[in-house]
Structure formats: structure tokens, C-alpha cells
Amino acid sequence: MTTKTADRPRSLGGAWPDKHVPGRGICMHALVPMRGDIRLVRQAPVLADGGYSVTVVDVEDRPAPTCEDITGNLRVRHVRVPARLSSYRYGTAPVVPWLLYKVLRMALATIRVIRTPADVYHACDIAALPACYIASRLRRKPLVSEAYELPLADPSVTRRHALSIAATWVYRRILARCSGVVVSSPSHARELTRVYGITDVTVVRNIPIYRPPTRGDHLRNRLGLGANTRIALYQGGLQDDRGLDLLVLAARHLPPSVVVTILGDGPARPRLETLIRRESVPDRVRLLPPVPYADLLEWTASADLGLNVLPPDYSPSIRFCLPNKLFEYLMAGIPVLTSPLDSVVELITAYDVGAVVYSMKPHDIAQAIVGMLADPARLARMRAHALAACARDLRWDVERLRLLSLYQSILASDRA
């Protein structure tokens with residue numbers, strides 16, 4: 001995913017005031033830095049502005065004060081792992097120090113969460129759930145479990161049969177004790193209901209804060225492309241489950257007037273660079289580093305088409321996802337070409353803002369890209385529909401009401 005460090009009400013910094021602002025307390029916990037978790041950056045201020053006293057417990061890998069004030073109702077308490085181990089936080093590190101880093105990070109975070117008094121404990125993604133579960137049980141307070149992706153559906157878990165069974169058993173029992181379950185996709189909600197028997201799941205989609213689009217030529221100028229060249233853009237994390245190799249292979253079947261641009265960074269970048277050289281398509285596939293999130297929509301708006309060709313058979317989590325990039329494309333006013341991902345297809349069909357390519361063969365993907373770009377009237381119609389949908393209801397100030405409603409319900413029940 002491109003670097004996402006904006007959408008916060010103020011920059012971090014300053015000291016926590018002597019007197020805590022009155023209000024029901026919420027502890028939100030993530031095992032990553034808050035600054036890099038755009039969903040948490042959006043949600044925490046919503047609850048703080050709603051009158052709750054919010055404390056975020058995150059794990060920070062950069063120098064930072066132990067506690068930082070964002071607004072009067074919102075603070076961040078950082079957990080710091082020793083610098084020697086922090087260098088092993090990625091899966092590319094040797095197994096033993098990597099596992100040691102993971103265990104120590106979780107242990108330190110659990111201690112910090114337990115020591116944070118709150119009326120509700122909110123786990124931001126499944127990795128943060130054990131700490132919040134322990135704290136909620138010790139303090140006898142409600143627990144909210146949020147899942148950014150479909151839990152325990154990644155092949156790294158499912159291919160280890162014993163691990164998958166044990167993790168599912170534990171997760172099922174924790175979910176049964178949750179006062180709220182939050183997911184980012186309607187399909188994720190349906191799948192949680194089917195697999196775990198959860199009857200009440202709140203869907204809070206990954207929709208950006210609304211900004212009127214600004215058209216420009218950031219991508220074309222950066223890449224040195226002519227005015228007649230069409231740009232098909234993928235933005236986001238460079239990972240193996242994003243179908244980026246398919247885009248590179250499809251580029252061989254594209255005319256010179258169409259360029260696939262990949263904007264972002266991640267572990268798959270070296271492999272993509274090698275594949276681009278091997279396929280001899282450096283003029284058809286261009287890699288760009290991520291841009292600051294505050295500037296992202298302007299860069300997005302300079303493309304002609306947004307790509308979301310994720311392989312649906314990679315995992316149920318991919319098949320049922322509803323990614324950030326989809327809403328970023330639409331808010332920037334560019335139509336979307338997507339693979340047959342359930343919730344994505346539902347949305348683009350409902351608003352008429354894109355098309356679906358059902359074959360994952362590179363030639364068919366290329367034909368779908370060319371077909372969409374060859375119909376200016378259709379693209380203009382989809383662009384108008386996308387801008388209207390985002391101005392009306394595909395915007396964070398509308399979506400956030402789902403989160404506020406959930407907390408009002410939880411705390412009203414807790415008082416009873």
C-alpha cells in the first residue's frame with residue numbers, strides 16, 4: 001500500500017494534559033505504528049470527536065515519546081521493542097530472531113494494554129486481539145474485535161492443518177465473548193457469519209475522507225509520457241497476493257499507447273523488477289515509489305483507469321475483500337477494472353463505475369484494459385457516476401456513523 005500518513009486531525013506531538021477529558025474510555029490497540037494504519041488514523045478521531053476518551057496503544061519502530069497527544073480526547077501510548085530486535089520485524093529476517101521479535105512485541109503490548117484502564121477494548125486486526133481479550137477479561141469490560149482481512153484465511157495458516165484448527169478454535173471462542181465485531185467488507189461479514197456463527201457484524205468500509213478531485217498530470221509528467229498515452233494504474237502494496245505478476249505478463253499484449261503504472265512499495269518489488277526485465281516490457285510497465293497520502297488522490301486522478309485485478313483464488317480473504325484502493329480510485333474519478341471479487345463487483349455494478357474481467361489469463365486482462373480505454377463515452381459516464389457516488393455517500397463522514405452507532409449500542413448495553 002502506498003504510504004498513508006495523512007487524514008489525521010493534527011500532527012502528533014506535545015504532552016498529554018494533566019487532566020483527562022471526561023467521557024467513556026476506549027482503548028484501541030494495534031501491533032503496528034498508528035501513523036501507518038490509515039484505518040486506525042481515521043477511526044480513533046471519530047470516537048474522540050464523539051465524546052469518548054480514546055487511548056491508542058501501538059508499537060512504534062521510530063524514536064517517539066512514550067505518550068503523545070493528538071487532540072484533547074485522543075492520545076497515543078507507544079510500545080517500543082529494543083532497537084536490536086526491531087531490525088528483525090520483517091519476515092525476511094532469520095526465523096529465530098524474527099519469532100523473538102514477534103513474541104516480545106506482543107508481550108510488551110499486552111502489558112501496556114492491561115495497564116490501560118478503559119470501558120471498551122478495541123483490537124485493531126486479529127494480531128491485537130489476544131492483548132485486548134486478556135485486558136477485557138481482567139477488567140470485565142466489553143471487547144470489540146476488528147478484522148482488516150478475513151481472519152485465518154491466508155494460505156500461510158490454512159496449509160498448516162493443525163495450526164489452522166487450533167487457531168480457529170481459539171478465535172471462535174474469543175468472538176463469542178465480543179460485544180462487537182467490525183469488518184471492512186460485506187462479504188467478510190457474510191463469511192464470518194457462515195464460519196463462526198456470528199449474528200451481528202458491523203461493516204465499516206475503507207472509505208477515505210472526502211476531497212473534491214483535482215485533475216492533473218502528475219503521473220504523465222513523472223513518467224515523461226505524451227498526452228495521447230493512456231495510463232492504467234495500480235496503487236497499493238506490492239505483495240504476492242495482488243496479481244501484479246499478471247499485470248506485467250499482460251503488458252506484452254498492450255499497444256505502445258497504454259502504460260501500466262504500479263505506484264507503491266512492498267516485498268514483491270524486487271521480483272516484479274526482475275519479471276519486467278525478463279518480459280522485456282520496461283516501456284509498458286512503470287514502477288513508482290509511494291507518495292504521501294495527502295497527495296495520493298491528485299496522483300490517482302491523473303490516471304485513466306484504476307486496476308484491482310487481484311487473483312480471487314489466492315485465498316478467501318482476497319476473494320471477499322473490499323480494498324482501500326477501490327474507494328481511492330472512485331474518489332479520484334477514475335473507472336475501475338476488477339477481477340471477480342464478490343464485494344467489489346457488487347459495488348461497481350450498483351454504481352456503474354467499472355467493469356469486471358473474469359479471466360485471469362494475461363491476454364484477456366490486456367484485452368479488458370484496451371477495451372475500456374477504447375470507449376471514451378463509457379469512461380466519461382463511469383467517471384461521472386464515481387464522482388457523484390463519492391460526493392453523496394461513498395465518503396468517510398457518512399461511513400463513520402456505522403462505527404459511532406456500534407459504540408453507542410455497546411456502551412448503552414454496558415450501562416444497563
Is it true that a side-chain atom of [X] and a backbone atom of [Y] form a donor plus acceptor pair closer than 3.5 Å?
X: R139; Y: I114; result: yes
X: R80; Y: E60; result: yes
X: H29; Y: V57; result: yes
X: T193; Y: I198; result: yes

### Message
Working note: D342 + S187, criterion side chain to side chain donor-acceptor pair (under 3.5 Å); need CA distance, chi angles, decisive distance, verdict.
### Response
CA-CA 7 Å; D342 294 19; S187 295; 4.6 Å; no
The side-chain hydrogen bond (donor to acceptor under 3.5 Å, both in side chains) partners of S185 (sequence neighbours excluded) come to S343
For [X], does the [atom1] atom sit with more than 12 other heavy atoms under 6.0 Å from it, leaving out its own atoms?
X: R381; atom1: CZ; value: yes
X: R252; atom1: CZ; value: no
X: R319; atom1: CZ; value: no

Residue set satisfying salt bridge (charged side-chain N to carboxylate O under 4.0 Å, His left out) with R378, at least two apart, ordered chain then number -> none
Report task. Under the salt bridge (charged side-chain N to carboxylate O under 4.0 Å, His left out) rule, collect the residues that match up with R395, sequence neighbours excluded. Result ->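 R395 satisfies salt bridge (charged side-chain N to carboxylate O under 4.0 Å, His left out) with D397 once adjacent residues are dropped.
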**Item:** Salt-bridge contact D69-R75 (side-chain N to carboxylate O under 4.0 Å)
**Value:**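 R75 and D69: not salt-bridged.
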Interatomic distance, SG@C124 vs CG@L40, rounded to 0.5 Å, equals 4.5 Å
Notebook entry, point to check: Does the side chain of V144 reach to within under 4.5 Å of the side chain of Y407, using non-hydrogen atoms?
Noted result: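 They are in contact (side-chain heavy atoms under 4.5 Å apart), so the answer is yes.
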Q.
I'd like to know if the side chain of Q367 pairs up with that of H253 as donor and acceptor (distance under 3.5 Å, no hydrogens or angles considered).
A.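 Judged by distance alone, the side chains do not pair up.
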